[in-house]
Amino acid sequence: MKEFILKANKSATSGDINIKDLPGSAGRLDLVCRCVNSSFFLSHDLRRDTVFYSVHYGEPNPPIALKFIGDELKRLSPDERSIALFIKKALEKDSSKLWKESTAGIYTAKQEFRDLILEKKNENYRIFYLHLNGKPLEECNLKLNDDDDEDILFVLGDHIGIGEDDEKFLDELGAERISLSPVELHADHCIILVHNALDKLKNNE
Ligand SMILES: C[S@@+](CC[C@H](N)C(=O)[O-])C[C@H]1O[C@@H](n2cnc3c(N)ncnc32)[C@H](O)[C@@H]1O
């Protein structure tokens, strides 16, 4: 399984969202929507082998985690507005520690960024932190055989990043830092580059 987790420092944590103001009052929800697009959308298809999480720390009820499961998504289209409407619906649900499905393949829970990462570590996922200064993904000896893919989690930040404390947490957990470019990129573009690198590695197996 290929999974991404985004720390969305300012993104809204209730369904009381103005869809016409995703970057402002919704706390950069435009960025979350673009990451959903990059995680899943191919030309006329979806990446069914991908899971995307965003953990929101904006007002009024942080944290709220969203989970999108590629294999279960239905009726989602690639434009930001459509994705934002699905997110709004998910955020309207009462949240508890347990994942609750809002619409097909989209779940919410009251979960912390670090706890989700710890859960993946305990499930033996290999954890990568996307960072300007890291080693290239191509040098990480990934196992990408069709019948036995390695479980991988990619952690990334929004426009603010993940912050020093969470970086330290990832270092202590043994997360590997990988760089995708010598220049700083948008989070959604990083997801596209990761998919592209993995697609190429897989085709060269
Ligand atoms: C717009 S950048 C964040 C910039 C923010 N000022 C910071 O200091 O982290 C969004 C996220 O994309 C990822 N990222 C950006 N450029 C990258 C690169 N060249 N290689 C790998 N990941 C990158 C990082 O995870 C980063 O947190």
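We count ligands from 1, going down the list as the structure has it; atoms in each ligand are counted the same way. The structure displayed is predicted, hence computed values, not measured ones. Quick note: residue numbers are just sequence positions, from 1.
Near Leu156, meaning under 4.0 Å from any of its heavy atoms, are these atoms of ligand 1: 25 (O). Taking a cut-off of under 4.0 Å to the non-hydrogen atoms of Ser179, the atoms of ligand 1 that pass are 20 (N), 21 (C). The His131 neighbourhood of ligand 1 comprises atoms 20 (N), 21 (C), 22 (N), with distances under 4.0 Å to a heavy atom of that residue.
By the 4.0 Å heavy-atom criterion, Asp158 is counted among the residues contacting ligand 1. In this structure, Leu132 has a heavy atom closer than 4.0 Å to ligand 1.
Taking the six-membered ring where the residue is Trp, Phe68 and Phe52 present tilted rings, their angle falling between 30° and 60°.
Of all protein heavy atoms, the one closest to atom 11 (C) of ligand 1 is Gly157 O, 3.1 Å. Taking atom 20 (N) of ligand 1 as the reference point, the nearest protein heavy-atom neighbour is Leu180 N, 3.0 Å. The nearest heavy-atom contact from the protein to atom 24 (C) of ligand 1 is Leu130 O, 3.2 Å. Shortest contact from atom 9 (O) of ligand 1 to any protein heavy atom: Gly161 CA, 3.3 Å. In this structure, atom 8 (O) of ligand 1 lies nearest to the protein heavy atom Ile160 O, 4.1 Å. In terms of protein heavy-atom proximity, atom 12 (O) of ligand 1 is closest to Cys190 SG, 3.6 Å. Summary of contacts: the protein heavy atom closest to atom 6 (N) of ligand 1 is His159 O, 3.5 Å.
With no hydrogens or angles considered, a side-chain donor-acceptor pair links Tyr53 and Lys120 at under 3.5 Å. Looking at Tyr129 and Glu176, their side chains never bring a donor and an acceptor atom within 3.5 Å of each other.
In this structure, the side chain of Asp71 does not engage the main chain of Arg48 through any donor-acceptor pair within 3.5 Å. Under a 3.5 Å cut-off, the side chain of Glu101 and the backbone N or O of Gly105 do form a donor-acceptor pair. Judged by distance alone, the side chain of Ser181 and the main-chain N or O of Val183 form a donor-acceptor pair under 3.5 Å. With Asp158 contributing its side chain and Asn9 its backbone, the two residues share a donor-acceptor pair below 3.5 Å.
Here's the thing with Ile178: none of its N/O atoms is less than 3.5 angstrom from an N/O atom of ligand 1. Distances between N or O atoms of Leu185 and those of ligand 1 include at least one value under 3.5 Å. Looking at ligand 1, you'll find an N or O of Val183 within less than 3.5 Å of one of its N or O atoms. In terms of polar-atom proximity, defined here as any N/O pair under 3.5 Å, His186 makes no such contact with ligand 1.
For Asp30 and Arg28, the salt-bridge test passes: some basic side-chain N is under 4.0 Å from an acidic carboxylate O.
Residue pairs meeting the ring pair (Phe, Tyr, Trp, His ring centres under 6.0 Å) criterion with at least one member in residues 160-195, sequence neighbours excluded: Phe4-His195, His186-His189.
Residue Cys35 comes nearest to Leu6 through the heavy atom pair SG-CD2, 4.2 Å, listed as atom of the first residue, atom of the second, then distance.
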